[in-house]
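Note that this is a predicted model, so its numbers are computed, not measured.
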Amino acid sequence: MWWDWDPRLTTTRGDGVRVRGILALRAFVDDPARRAVWSAVACIVAFVDVPIVYFSVKWWNSLHQAQSTPQTVSSAFHLPLRVNAFGILFLWTGLVALRSRVASLRLRNELGPPLPDSKPAVTALPDRRRCLVSGVVQGGWSSWLAPTS
């Protein structure tokens, strides 16, 4: 594995470690309210490093080239860069909307009222089918094999 103690590489590696820590935190905390608060605090703390990663090219002499600006990029690349930037923006917006919907549905299921006790739908079936579908619950396979009157 190649590694160099370049400021940008090192700060980016730190971001990766923080993201994995946040994912682990979300996986190990069972209470939804505590998980939300702790994750929010951890995300805010982890985000502090993002400006450091961005400005590390200016602040420290490193392997990376100077920051690119529209003046330093060839004019032939302006349109492809803009198309890709907007494509990534739209993809990101769609994925955030999808993730928000999934999180909302998951939270609604976690915090919603408990489901009422109800009988399974298979009880409306004739005896033989009910035994075939529910098997062991209705007395095992022997009850299915027994003749019905």
Side-chain angles (χ1 to χ4, degrees), residues 1-73 77-127 129-144:
M1 177 179 179
W2 175 83
W3 182 255
D4 187 23
W5 287 101
D6 178 65
R8 188 170 225 171
L9 291 175
T10 306
T11 53
T12 303
R13 163 76 54 101
D15 275 346
V17 169
R18 285 179 198 84
V19 167
R20 285 190 282 291
I22 291 167
L23 293 175
L25 173 72
R26 292 188 58 80
F28 293 125
V29 177
D30 293 329
D31 181 34
R34 283 184 30 208
R35 180 175 54 230
V37 171
W38 289 7
S39 297
V41 170
C43 286
I44 291 170
V45 169
F47 189 77
V48 168
D49 195 40
V50 171
I52 295 171
V53 172
Y54 179 76
F55 287 113
S56 66
V57 174
K58 281 187 176 182
W59 293 343
W60 299 294
N61 186 16
S62 68
L63 297 173
H64 289 83
Q65 67 185 23
Q67 290 175 330
S68 298
T69 64
Q71 292 78 25
T72 61
V73 175
F77 287 106
H78 284 188
L79 179 64
L81 285 173
R82 286 197 173 102
V83 168
N84 283 307
F86 280 109
I88 291 294
L89 175 68
F90 294 141
L91 176 67
W92 179 82
T93 303
L95 290 175
V96 167
L98 178 66
R99 176 65 178 105
S100 175
R101 178 155 170 73
V102 168
S104 172
L105 292 172
R106 184 176 291 156
L107 185 63
R108 187 180 319 155
N109 288 339
E110 284 180 357
L111 299 179
L115 296 174
D117 290 335
S118 62
K119 293 184 179 180
V122 293
T123 57
L125 296 173
D127 285 340
R129 284 197 225 153
R130 182 174 353 125
C131 292
L132 180 62
V133 171
S134 58
V136 176
V137 176
Q138 296 294 330
W141 293 108
S142 61
S143 64
W144 180 74

With D30, which residues qualify under side chain to side chain contact (heavy atoms under 4.5 Å, CB included), at least two apart?
none

Using side chain to side chain contact (heavy atoms under 4.5 Å, CB included) as the criterion, list what pairs up with L105, not counting sequence neighbours.
R101, R108

Those residues at least two apart in sequence (or on a different chain) that pass ring-ring contact (aromatic ring centres under 6.0 Å, His included) with F77 are none

Which pairs count as side chain to side chain donor-acceptor pair (under 3.5 Å) when at least one residue sits in residues 80-99, sequence neighbours excluded?
none

Heavy-atom nearest pair, L25 first then A42, reads CD2-CB, 4.1 Å

Please report the interatomic distance OH(Y54) to OG1(T11), rounded to the nearest 0.5 Å.
13.5 Å

Nearest heavy-atom pair of L107 and P32: which atoms, and what distance?
CD1-CB, 4.3 Å

Which residues pass the side chain to side chain contact (heavy atoms under 4.5 Å, CB included) test with T72, sequence neighbours left out?
S68, T69

What is the minimum heavy-atom distance between A46 and D15, and which atoms define it?
O-OD1, 3.8 Å

Pairing residues for F28 by the side chain to side chain contact (heavy atoms under 4.5 Å, CB included) criterion, not counting sequence neighbours
A24

Can you pull the salt bridge (charged side-chain N to carboxylate O under 4.0 Å, His left out) pairs that have at least one residue in residues 32-55, sequence neighbours excluded?
R18-D49, R35-E110

What residues, two or more places apart in sequence or in another chain, satisfy ring-ring contact (aromatic ring centres under 6.0 Å, His included) together with W5?
W3

Side chain to side chain donor-acceptor pair (under 3.5 Å) pairs, two or more places apart, involving residues 37-46:
R26-S39

